Amino acid sequence: MKYICSICGWEYDEAQGYPEGSIPAGTLWDNVADTFTCPLCGVGKDMFSESE
């Protein structure tokens with residue numbers, strides 16, 4: 001599943017993770033820390049929504 005930032009469009013892909021942010025590939029969105037912020041615009045995890 002992929003999740004997209006509603007502000008800037010940055011996408012988190014569970015299959016790829018976010019290695020630059022110490023989130024390994026395969027990490028489910030639910031397991032990403034609630035303190036996660038978008039690496040591009042800085043908004044919180046609550047500003048992301050599911051993407052196809």
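Because the structure is predicted, anything quoted here is derived from the model rather than measured.
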Worked check of side chain to side chain contact (heavy atoms under 4.5 Å, CB included) between Cys38 and Phe48: CA-CA 9 Å; Cys38 178; Phe48 282 74; 3.8 Å; yes

Intermediate values then yes/no, side chain to side chain contact (heavy atoms under 4.5 Å, CB included), Asp13 and Tyr3: CA-CA 7 Å; Asp13 184 340; Tyr3 294 82; over 6 Å; no

Per-pair distances, 0.1 Å, donor-acceptor, side chain in residues 27-34, under 3.5 Å, sequence neighbours excluded:
unit_1 : atom_1 : unit_2 : atom_2 : d
Thr27  : OG1    : Pro24  : O      : 2.6

Side-chain touch Met1/Glu50, heavy atoms, less than 4.5 angstrom: yes

For residues 15-22, dump all side-chain donor-acceptor pairs below 3.5 Å to protein atoms at least two apart in sequence or in another chain.
none

Same apolar cluster (I L V M F W Y, side chains within < 4.5 Å links), Leu40/Ile4: no

Contacts of Ile7 that satisfy side chain to side chain contact (heavy atoms under 4.5 Å, CB included) - sequence neighbours left out: Cys5, Cys41, Val43, Met47

